[in-house]
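Take a look at the structure set out below.
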Amino acid sequence: MLILVTGGAGFIGSHIVSALTAAGHEVRVLDALLPAAHRTTPPIPAGVDWRHADVRDAEAVADALRGVDAVCHQAAMVGLGKDFADAPDYVGCNDLGTAVLLAGMAETGVRSLVLASSMVVYGEGRYECSRHGVVRPAPRRVSELESGRFEPPCPRCGEPLAAGLVDEDAPADPRNVYAATKLAQEHLAAAWARATGGRAAALRYHNVYGPGMPRDTPYAGVASLFRSALERGEAPRVFEDGGQRRDFVHVRDVAGANLVALDGLPRLPEGGLRAYNVGSGEPHTVGEMAAVLAAAHGGPSPVVTGDYRLGDVRHITASSRRLREEHGWVPEVAFTEGVTEFAGAPLRAG
């Protein structure tokens, strides 16, 4: 098949391109090389049809879609950014860009889509109160965070909550601009599928890390921020108390998830979107990630700062059972193995 990978020169996209070519697919890449992710033009694998263009450019998108069998849509601004002033850029890149792409797919008859979504659409993860069962905590207040009360309490009785694994049927509750744009991308893709009879899989990535992450950029994930600090000879700075639970999944496993999702699209019902969590299934704290990474790198030990970002959530870890059972996907890179590799892997200029 000929697969168009938008954002195919980026961190995750480039690994997907490598996995697709290794699997025998033809690949076409469309990437705007936004400065937030690219300081220089990255290498493009031999045999890949490379298009330097923005996904918001309808003419370039229409040209890139000619002859394509399926689209793997990775192009997006990621992370929390610097402040709310970034909101127009996030909405433009993520939502307008997706709308232009989907309109082009509707016109050219491309009916297969794998969309890069994110765990952030859930907001906080799954919580259970010993008295009230499964509950949805309210967004954390500044006064709580300032006083170091990072754990969200039960919204009904105020007692501590036990965090668990979130599945795809959990209600969406985006709590920052990036999260809102990722959920909007899913809604746009679902509307496209209904209107055209297309099939879409939305892969809700959890905390992706691995070789090729961009360095020294506020738009990168926490693993990249820690690795960038170590590269500079500085201690990783861990926000809150370091006890935030996340599901760190290696980028090669994420690339593998895209392959099985593409292969499984014909089995999905026409006119619908199916969401899938993509996580390792092994929760770890942010503090653990920083400590293991620093030790493997041989750099300074992490510093727990007590600082916070208002748009962050406390715990979000994945149940990837649906992707495993429906498509046979199994993550292969263990946490310690992957972090140790990442500690010595080169970063891309960001």
Side-chain angles (χ1 to χ4, degrees), residues 1-10 12-17 19-20 23 25-32 49 51 53-58 60-78 93-119 121 168 172 181-205 208 254-278 322-323 326-327 329:
M1 290 196 300
L2 173 59
I3 313 298
L4 173 63
V5 183
T6 69
I12 297 175
S14 62
H15 283 271
I16 293 171
V17 168
L20 286 169
H25 294 290
E26 296 180 80
V27 178
R28 181 175 293 158
V29 168
L30 179 76
D31 200 302
D49 181 1
R51 312 289 179 94
D54 197 303
V55 75
R56 291 167 288 187
D57 183 338
V61 166
D63 184 62
L65 284 168
R66 290 194 178 94
V68 162
D69 297 296
V71 174
C72 191
H73 183 32
Q74 307 295 312
M77 280 185 68
V78 300
C93 288
N94 297 358
D95 299 340
L96 177 59
T98 298
V100 172
L101 173 67
L102 294 172
M105 292 174 67
E107 286 292 318
T108 55
V110 181
R111 296 293 181 261
S112 297
L113 172 69
V114 173
L115 170 69
S117 187
S118 172
M119 61 164 188
V121 301
E168 293 87 352
T181 66
K182 297 309 287 185
L183 184 59
Q185 283 185 299
E186 289 195 18
H187 289 323
L188 287 166
W192 162 83
R194 286 193 297 272
T196 65
R199 295 178 172 93
L203 302 185
R204 292 172 176 170
Y205 301 156
V208 187
V254 171
N258 277 267
L259 260 65
V260 300
L262 281 166
D263 290 342
L265 282 174
R267 298 193 298 272
L268 297 181
E270 290 186 3
L273 177 143
R274 184 78 163 155
Y276 297 93
N277 285 334
V278 180
R322 177 181 290 180
L323 188 60
E326 294 185 9
H327 297 287
W329 175 76

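Judged by distance alone, the side chain of Asn94 and the main-chain N or O of Met77 form a donor-acceptor pair under 3.5 Å. Checking side-chain atoms of Arg111 against main-chain N and O of Thr196 turns up a donor-acceptor pair under 3.5 Å. Arg51 contributes no side-chain N or O that, together with a main-chain N or O of Arg28, makes up a donor-acceptor pair within less than 3.5 Å.
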- prompt: Arg267 and Glu326: side-chain contact (heavy atoms from CB on, under 4.5 Å), yes or no, with the steps?
  reply: CA-CA 10 Å; Arg267 298 193 298 272; Glu326 294 185 9; over 6 Å; no

- request: Test Val254 against His15 for side-chain contact (heavy atoms from CB on, under 4.5 Å), laying out the working first.
  value: CA-CA 9 Å; Val254 171; His15 283 271; over 6 Å; no

message: Evaluate Thr108 against Arg66 for side-chain contact (heavy atoms from CB on, under 4.5 Å), listing each step before the verdict.
response: CA-CA 7 Å; Thr108 55; Arg66 290 194 178 94; 5.8 Å; no

message: Between Asp69 and His25, is the side-chain contact (heavy atoms from CB on, under 4.5 Å) condition met? List the steps.
response: CA-CA 10 Å; Asp69 297 296; His25 294 290; over 6 Å; no

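At least one side-chain heavy atom of Asp95 sits under 4.5 Å from a side-chain heavy atom of Gln185. Between Arg199 and Glu270 there is a side-chain heavy-atom pair separated by less than 4.5 Å. In this structure, Met105 and Leu65 have side chains that are in contact, with non-hydrogen atoms separated by less than 4.5 Å. You'll find the side chain of Thr181 stays beyond 4.5 Å of the side chain of Thr98, heavy atoms only.
In this structure, the side chain to side chain contact (heavy atoms under 4.5 Å, CB included) partners of Ala53, at least two apart in sequence or on a different chain, are Leu30, Ala60. Judged as a salt bridge (Lys or Arg N to Asp or Glu O under 4.0 Å), and not counting sequence neighbours, the contacts of Asp54 are Arg56.
Within the model, atoms CD1 of Ile3 and OG of Ser112 stand 8.0 Å from one another, a figure rounded to the nearest 0.5 Å. Between the CG atom of Leu113 and the CG atom of Leu262 there is a distance of 9.0 Å, given to the nearest 0.5 Å. Atom CD of Glu186 sits about 9.5 Å away from atom CG of Leu203, to the nearest 0.5 Å.
Closest non-hydrogen pair, Leu265 versus Ala201, comes out as CD2-N, 3.8 Å. Taking each heavy atom of Ala116 and Lys182 in turn, the nearest pair found is O-NZ, 2.7 Å. Residues Leu2 and Gly67 come closest through the heavy atom pair CD2-O, 3.4 Å. The shortest heavy-atom contact between Leu183 and Ala172 is CD2-CB, 3.7 Å. Here the closest non-hydrogen pair linking Leu102 and Trp192 is O-CD1, 3.5 Å. Taking every heavy atom of both residues into account, Ala189 and Leu115 meet most closely at CB-CD2, 4.2 Å.
Among Asp31, Asn258, Thr6, the one residue that satisfies the side chain to side chain donor-acceptor pair (under 3.5 Å) test with Gln74 is Asn258.
Salt bridge absent: Arg274 and Glu168 never bring a charged side-chain N and a carboxylate O closer than 4.0 Å.
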